[in-house]
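Let me begin by presenting the structure, written as structure tokens, before commenting on it.
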Amino acid sequence: MKEISKRYNPQEVEPKWREFWEKEKIYKFNPKAKGNVFSVDTPPPNISGRMHIGHAYSYSHEDFIARFFRMRGFNVFYPFGTDDNGLPSERFVEKKANVRANRMDRNEFIKLCIKTIQEIVPEFSKDWKNLGMSCDFSKTYSTIDDHSRKISQKYFIDLFEKGHAYRQEAPVVWCPHCQTAIAQAELEDKEVETLFNDIIFKLEDKKDLIIATTRPELLSSCVAVFVHPNDKRYKKLIGKYAQVPIFGNKVEILADKKVDPEKGTGAVMCCTFGDKTDVEWFKEYKLPLVISLEKYGKMTKQAKKYAGLSIKEARQNIINDLEKKKLLIGQKKISHSVNIHERCKNEVEILNSLQWYIKILDKKKKFIDLGKKIKWHPPFMRARYENWINNLGWDWAISRQRFFGVPFPIWYCEKCGEVKMAEEKDLPVDPLTDKPKGKCAKCGNSKFTPEKDVMDTWATSSLSPQLALRLFFDEKTSQRMTPMNLRPQAHDIISTWLFYTVVRSYYHFDKIPWKNVMISGHVLDPQGKKMSKSLGNAVVPQEILEKYGSDALRFWSAGSSLGQDINYSEEEIKMGQRTTTKLWNAARFIGMNVKKAELLKSTDTIEPADAWIIDELNKTIAKTTKAFENYAYAKAKEEIDGFFWSKFADYYVEFVKYRFFGEDVKSKKVGEKTIATVFFNIVKLYAPIMPFVTEEIFQTYFKHFEKLKSIHISKWPEEIKLKKSPDISDFASAIKAVDEIRKHKTKNGLSLGAEIDSIKLKTKVNLKKYGEFLKNVGRAKHLK
RNA sequence: GGGCGCGUAGCUCAGUUGGUUAGAGCAUCUGUCUUACAAACAGAGGGUCAGAGGUUCGAGUCCUCUCGCGCCCACCA
């Protein structure tokens, strides 16, 4: 047998096989290969940061499944792409190059973005390769490349033509810091301290009406005052008018059930727009639109003497002025939560502006129904999807007043404003530099204004099945391959990526995008807190990979069931490392004792111990296979671990030793075959979780079993059937007897290898059948 | 306030449709260098299954309520 290293060294072994897999194209997708296709809609990681531990965790999960199905004989379509447009990428480039997009030339900035991305993507993708991902990296997409822009624009045109996309001037969630509209899904909450101000509005009879507000700076946008219809204090005021302090205009006092009489003074001003309720009232009561806030977050002329001030400055100045006029009669410190933009963490406003939308509100029920057609792993994650849809309050705003994104393929007629779409054969287009063909369909004019906005990054990534499929297939085949088999992702983007992909798939193809979704949890620190750079409790996967290797990291990832958050535990990673060591040692043991490994033949005559381990193996194969088929990789790992450590290593290896060192050639031979067969299967069972050590063992010891380049394209284990097999119904008693002998030795401080003269067994065991076996395994001369 | 998940040994978790004395790993303690492995092995101790009530011959598992933790959403006047 080959001379091999005594210790397993992942730092040496892992790069070797990684290069080998790439060179030999082990994971290359072959459209003509046999077997049913199993397709994965791989999440394109966002390039705005390196792979973090949460990525390592959830990408491991999908790779387990992809590897399992590959070995199960499926033709696995497992593509890779990167998400590299939109605000996150802009912010990343701004930070890296120390520039601000809105202070530089648009084209220069876009060029800088593209250059930066080209520089970093190869290094960025390396982390995913180092993790051992079995994607086909030979063709990849980026959500900003020509390929993706073309698809994104094509399907936008499709939406428009089908009437699912519309442009409208309406209140929209606006980020004054990023100076763009954003979607509801991009909001986060933040708890802030603020002042609740009681302000006097004068009534027509000169009496006071006190309203409470946290946003006095919006007084100039006040268009009504609302009270609860049953509020006795205000009932008689309904329909009358109140005068807005400082600005002097009169607004009607209206009644609406949304007013909470308990809150503040029970009278509330409605401004266009302070919050979502204002928008609802604005629409419902057809209130006038009075804009006091412009897109940079500064006060407009409407705010008169406060024009040009920031929100905070205006608030302070108005409070001061109200105080001077004795119109501010109370102030209370409160803490409330406000919506912030997830990308920049700044408070958002609601602004009236012209934006493109994709209709979603009118199809809520449909999207919920589609969700029911998808198989969710774990099932309870569907509730989050439905919960999100039920709470949706806005259509999907997809235009962004930004620079680095997929442009809308649109011009507007200068004369009549009619939309002019690009033609499909010209895609991708940039309306800022490309000219539309032909004349305005409506008025015949031939001068056009380009659309400057770009699309929300999700508007492109929600087409990820198409982005991936079209790398390898024509349009017809791509559509035939939808729905894909699996969408793997983490739970934080159910309301964005997952939901939007369902929306797009429905509008374009009237189909669900995938048959299964697999939702991973998050990684928490050992105390159960969220890991984040800012808290300083984040672990860096690159360091773990370097120190312990990918197999060990993946082993840890496999440790919690699907959808569960996991606490980071270095101990568990060490356990993975120990498993690789244990596997390596077991392989070495076989290498030392078995000259040339052979597999059992169905006609071989085996001994009871062999039959027992084969039986246990068969049970393990059945359970592991079922678990993996249900995406329950944690259960699969548990089964394999249990069999390998507690059945194979702890017992079977000890059962077979005496035969290896003894004289009975026939018994020795069948023992050799059994141990090789069983261990070979163990290595295969572990292959999806720990691809490197299993490849090393396969290549070193078992390559001659199957004429294949890699274990990862070998056949998944199946039940081993032997024509004649001894009865092992009483083998448990033999194991019990072995335990008893071990206990006896431990109690007496003897080493397990020590020979003992005789032992009286309490265990009832058939000594005729197992006497010799027990004497040999237990190294006892006599048994009673 | 709504939705979802979780609460089992010191720690991390497993417990399939309710069915003997509740399991594993880590940690602890005691032994053992035994021809794969001391990064190992053998053995031992350790649990009112968050709490209360209910259904049942029988509940960690089903139902109701309470408490605690986490996530998502709403609340923003």
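Note: hydrogens, waters and symmetry copies are ignored here, and every other heavy atom, side chains too, is used. Each chain gets a letter, A, B and so on, in the order its sequence line appears, and its residues count up from 1.
Between A/Ser569 and B/C26 there is no side-chain N or O to OP1 or OP2 distance below 4.0 Å. An OP1 or OP2 oxygen of B/A36 is reached within less than 4.0 angstrom by a side-chain nitrogen or oxygen of A/Lys657. A close approach under 4.0 Å does not occur between any side-chain nitrogen or oxygen of A/Gln564 and OP1 or OP2 of B/A14. Close to B/A40, at under 4.0 Å from its OP1 or OP2, lies a side-chain N or O of A/Arg578.
The side chain of A/Met575 lies closest to B/G25 when the candidates are B/G25, B/U34, B/C4.
Among the protein residues, A/Ala212 comes within range of the sugar-phosphate backbone only, with heavy atoms under 4.0 Å from sugar or phosphate atoms but none that close to a base. Counting non-hydrogen atoms under 4.0 angstrom, A/Val192 reaches nothing in the nucleic acid. Contacts of A/Asn748 with the nucleic acid, taken as non-hydrogen atoms under 4.0 Å apart, are absent.
B/G2 and B/U20 are spaced 44 Å apart, taking the C1' atom of each and rounding to whole Å. Separation of the C1' atoms belonging to B/C62 and B/U55 is 8 Å when rounded to the nearest angstrom. B/G46 and B/G23 are spaced 13 Å apart, taking the P atom of each and rounding to whole Å. When the C1' atom is compared between B/G60 and B/G7, the two are found 12 Å apart, to the nearest whole Å. Distance noted for atom C1' between B/A50 and B/C69: 11 Å (whole Å). Using P as the reference atom, B/U61 and B/G51 are 10 Å apart when rounded to the nearest Å. The separation of B/G18 from B/U56, taken at their C1' atoms, amounts to 9 Å, rounded to a whole angstrom. For the C1' atoms, the distance from B/C49 to B/C13 is 13 Å, rounded to whole Å.
One can place OH of A/Tyr8 at 17 Å from P of B/A40, the figure rounded to the nearest angstrom. Rounded to whole Å, the distance from CG on A/Asp650 to P on B/U34 is 18 Å. For the pair A/Phe380 CZ and B/C4 P, the computed distance is 11 Å after rounding to whole Å. The distance between atom OH of A/Tyr652 and atom C1' of B/A36, rounded to the nearest whole Å, is 15 Å. Across the protein-nucleic acid pair, A/Leu562 atom CG and B/G5 atom P stand 14 Å apart, rounded to whole Å. Across the protein-nucleic acid pair, A/Phe555 atom CZ and B/C13 atom P stand 15 Å apart, rounded to whole Å. Taking atom CG on A/Asp739 and atom C1' on B/A42, their separation rounds to 10 Å, with Å as the unit. If you take CG of A/Asn387 and P of B/A74, they are 9 Å apart, rounded to a whole angstrom.
Sequence neighbours left out, the pairs with a member in residues 183-196 of chain A that pass salt bridge (charged side-chain N to carboxylate O under 4.0 Å, His left out) are A/Glu186-A/Arg400, A/Glu188-A/Lys345.
Applying a 4.0 Å cut-off to non-hydrogen atoms, the residues of residues 633-646 of chain A that approach RNA chain B are A/Glu638, A/Trp645, listed by residue number.
B/C57 is paired with B/G19 under the criterion used here, namely a Watson-Crick or G-U wobble arrangement in which both key atom distances are under 3.5 Å. Nucleotide B/U35 is matched to nothing when pairs are restricted to Watson-Crick or G-U wobble geometry with both distances under 3.5 angstrom. In this entry B/G1 has B/C73 as its Watson-Crick or G-U wobble partner, both defining distances falling under 3.5 Å. Here B/A50 sits opposite B/U66 as a Watson-Crick or G-U wobble pair (both hydrogen-bonding atom distances under 3.5 Å). Using the Watson-Crick or G-U wobble rule with both distances under 3.5 Å, B/A24 pairs with B/U12.
By the neighbour-count criterion of 12 heavy atoms within 6.0 Å, atom CD of A/Glu546 is sparsely surrounded, having that number or fewer from other residues, nucleotides or ligands. Around NZ of A/Lys775, the count of heavy atoms belonging to other residues, nucleotides or ligands within 6.0 Å exceeds 12. The number of heavy-atom neighbours closer than 6.0 Å to NZ of A/Lys364, taken from other residues, nucleotides and ligands shown, is above 12.
Checking A/Tyr686 against A/Asn681 by side-chain atom types alone, no donor-acceptor pair falls below 3.5 Å. Donor-acceptor pairing under 3.5 Å is recorded for the side chains of A/Asp256 and A/Tyr285. Side-chain N/O atoms of A/Tyr57 and A/Ser560 include a donor and acceptor closer than 3.5 Å.
A donor-acceptor contact under 3.5 Å is formed by the side chain of A/Arg7 with the base of B/A39.
Relative to the ring axis of A/Phe644, A/Lys582 does not place its NZ or CZ within 45° and under 6.0 Å from the centre.
Screening A/Phe589, A/Phe679, A/Phe655 for a ring-ring contact (aromatic ring centres under 6.0 Å, His included) involving A/Phe648 leaves a single residue, A/Phe679.
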